[in-house]
Amino acid sequence: MSDLLALDFMRQALIAAVLVGLAAPLVGAFLVQRRMSLIGDGIGHVALAGVAVGILTGSMPVFTALIAAVAAAVGVELIRATGRTSGDIALAVMFYGGIALGVVLISKSTASSSNLTGYLFGAILTTSRTDIVVFAILAVVVVGVTWVLRHRFFAVANDEEYARAVGLPVMGYNIALSVLTAVTVVVSMRVVGLLLITALMIIPNATAQLVSRSFRSSLAWASLIGLASSVSGVIASFYAETPSGGTIVLLAIGTFLVVSIVSGLVTRARRAAHDRAERHEHEHGPVCGHQAIPHGGHVDYLHDGHRHAPHADHYDEHDAQAHPAPQDTQEVSR
Amino acid sequence: MRVNAPPLISLHSASFGYAERRVVDGVTLSQGPGEVIALLGPNGSGKTTLVKGLLGLSEHLGGEVALFGTPLEQFHDKPRIGYVPQRHSLSASVRATVREIVEIGRLPLRPWWRPANATDSAVVDEALDAVGLRDREREDVAALSGGQQRRVLIARALAAQPDVLVMDEPTAGVDIANQRILAQVLATLAARGTSMLIVTHELAALRDVVTRIVCMDGGHVDFDGSPADYQLGHRGHEPGGGHHHGSPGSVGRSDGLAAIVTDTLPSREAQS
Ligand SMILES: [Zn+2]
Ligand SMILES: [Zn+2]
Ligand SMILES: [Zn+2]
Ligand SMILES: [Zn+2]
């Protein structure tokens, strides 16, 4: 590891991996919530046209890609806001028009095909220092803005009609999220690649959904898993001499598969051990008359000699084994 | 409550609709503080469009509409109207706890850069208590029953400390046992002086809560009066029933309300 860090380009690559690994799943969480998981992919297609224009005109492909991607992101929201059924077709024209234009333009330039592959699938080890600095600044901005606005993005994605009724600027937040997606796509294009970045935005979130019980904790888990996949992917790609993007995404998918198998087993075991109170029409509450016993992070109610704990939409029989022994003295033996 | 306070909601020959199509036409109505109005009517009669018009979700096409004395177009203090939309299920695309959904209700009250503080969290506690879901605050909303999810949405609206609750079909699709619990929650709110406008077609569940009934048909109001008069004169829209209208008269608060309200809930913070 220390020999890795001694390499200048490797230090850069790892910094980029950390930032992309954090930013992509954080922004992706709200795309998953809005059921727009694949929108980043479409924006990535359009960004390729921007890359091509940059290469052809000899300007920095990062900036031309950023302009193209942000324009596409605003376009996506404007098209969605019209609410027309033809919206899907408009998006398809925009996305595939973007990638087609990109491929055609790059073929007219002197850039080699390996250069194109670098943008499509990631080539962190060949990225210039200036690019890394630009990416780093953008990634920090994306993470910061998303973090500050996370409650509002959550509210708007959760119930757009309610958000509008209480006066939240729904369109503004939707465009902001879309632009953050575009910036994330461009920031990640050298690490993961335009065709693979959506995987890093979505898959860590899919994994996080399996292990979290709240949106808050799922955000934390997704960022952690994204970060781990991204950093370990860059290191693995150095030793295995594989492209960084594909390696990162394979690691993220591997994590997802392992976690889903384990969580499936855990859920099954829990369900089997789970003792549900039979037919329970009565609703316990602070004033229902049954004694409440708060302990171990939940409340039990003493009900005809049983201890009932609220769970999902029903009540459970208190499980003396699953809960640590409470501090109180009313422990009922079962 | 100030004397001579303007009505919470006042409509004068108001029309609402979508894309120039009038769904609600020429409705005159006003709701005073403390009133609990049931807005009845068959499907397509315009009840939901009317309510959405007040929230800026359908278009205001004519007539005068004022909220708390301010004309609708100039009204920007939207969190004063607590909206409880009709939802059969809460989105399950990602995990969200009951508390996280209720916390959304606080957002419109603070600028985007300010994080939640102790007051926000205390008000959320209070809203969860009011609907009896504090002990399930960490559950995934998607795991709750339909009736419990409806109560989550009521708590979300209460978290904004609104001056009037506007509910769209709160009891639709909820089983009888849960309807009873919902009615109890609404009765408790009513006893605390919460004003409510409840769109519903199941008056039975809410009979003891409402103080006034407004009935719509074909985009017009065809009855406005006390529950007693409604019983007497308005055979409503039951099949085969004639359309006799009792004279809209004095408002008689139904008995039985006091009997239902036994909970001692924390008092709602006074709004000035
Ligand atoms: Zn009880
Ligand atoms: Zn019980
Ligand atoms: Zn259970
Ligand atoms: Zn317990």
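The chains referred to below are lettered A, B, ... by the order of the sequence lines, with proteins before strands, and numbering in each begins at 1.
- Contacts of A/F30 with chain B are absent, with no heavy-atom separation under 4.5 Å from either backbone or side chain.
- Note: A/A165 leads A/A165, A/A29, A/G285 in heavy-atom pairs under 4.5 Å with chain B.
- Here the closest non-hydrogen pair linking B/T97 and A/S214 is CG2-CB, 3.3 Å.
- With rounding to the nearest 0.5 Å, the separation of CG in B/D135 from NE2 in A/H308 is 13.5 Å.
- For the atom pair CD1 (B/I181) and CD (A/E283), the distance works out to 4.0 Å, reported to the nearest 0.5 Å.
- By the 4.5 Å heavy-atom criterion applied to side chains, A/N158 and B/R156 are counted as neighbours.
- For chain A, no part of B/A116 is nearby; none of its heavy atoms comes within less than 4.5 Å.
- B/E100 contributes a side-chain N or O that, together with a main-chain N or O of A/F215, makes up a donor-acceptor pair within less than 3.5 Å.
- For B/Q148, the part sitting under 4.5 Å from any heavy atom of chain A is the side chain, from C-beta outward, and nothing else.
- Distance check, rounded to the nearest 0.5 Å: CG of A/L219 to CZ of B/R95 gives 14.0 Å.
- Rounded to the nearest 0.5 angstrom, A/F154 CZ and B/I101 CD1 are separated by 4.0 Å.
- Residues B/K52 and A/E161 meet the side-chain proximity criterion, which asks for heavy atoms closer than 4.5 Å.
- The local environment of CG in A/D88 is sparse, with at most 12 non-hydrogen atoms from other residues, nucleotides or ligands closer than 6.0 Å.
- With chain B as partner, the option from A/G167, A/S212, A/P310, A/A155 having the largest number of non-hydrogen pairs under 4.5 angstrom is A/P310.
- Heavy-atom distances place both the backbone and the side chain of A/H311 under 4.5 Å from chain B.
- For the residue pair A/A312 and B/L144, the shortest heavy atom distance occurs at O-CD2, 3.2 Å.
- Counting heavy-atom neighbours within 6.0 Å of B/N117 CG, excluding the residue itself, gives a total above 12.
- Listed here is the closest heavy atom pair of A/D159 and B/P85: OD2-CG, 3.8 Å.
- Here the CZ-OG distance, from A/R34 to B/S93, works out to 11.0 Å after rounding to the nearest 0.5 Å.
- Here the side chains of B/V94 and A/S218 are not in contact, with every heavy-atom distance at 4.5 Å or above.
- Counting heavy atoms of neighbouring residues, nucleotides and ligands inside a 6.0 Å radius, atom CZ of B/R110 exceeds 12 of them.
- Of all heavy-atom pairs spanning B/E103 and A/R216, the tightest one is OE1-NH2, 3.1 Å.
- In this structure, B/L57 and A/Y162 have side chains that are not in contact, with every pair of non-hydrogen atoms separated by 4.5 Å or more.
- Taking CZ from B/R136 and NE2 from A/H284, the interatomic distance works out to 9.0 Å, rounded to the nearest 0.5 Å.
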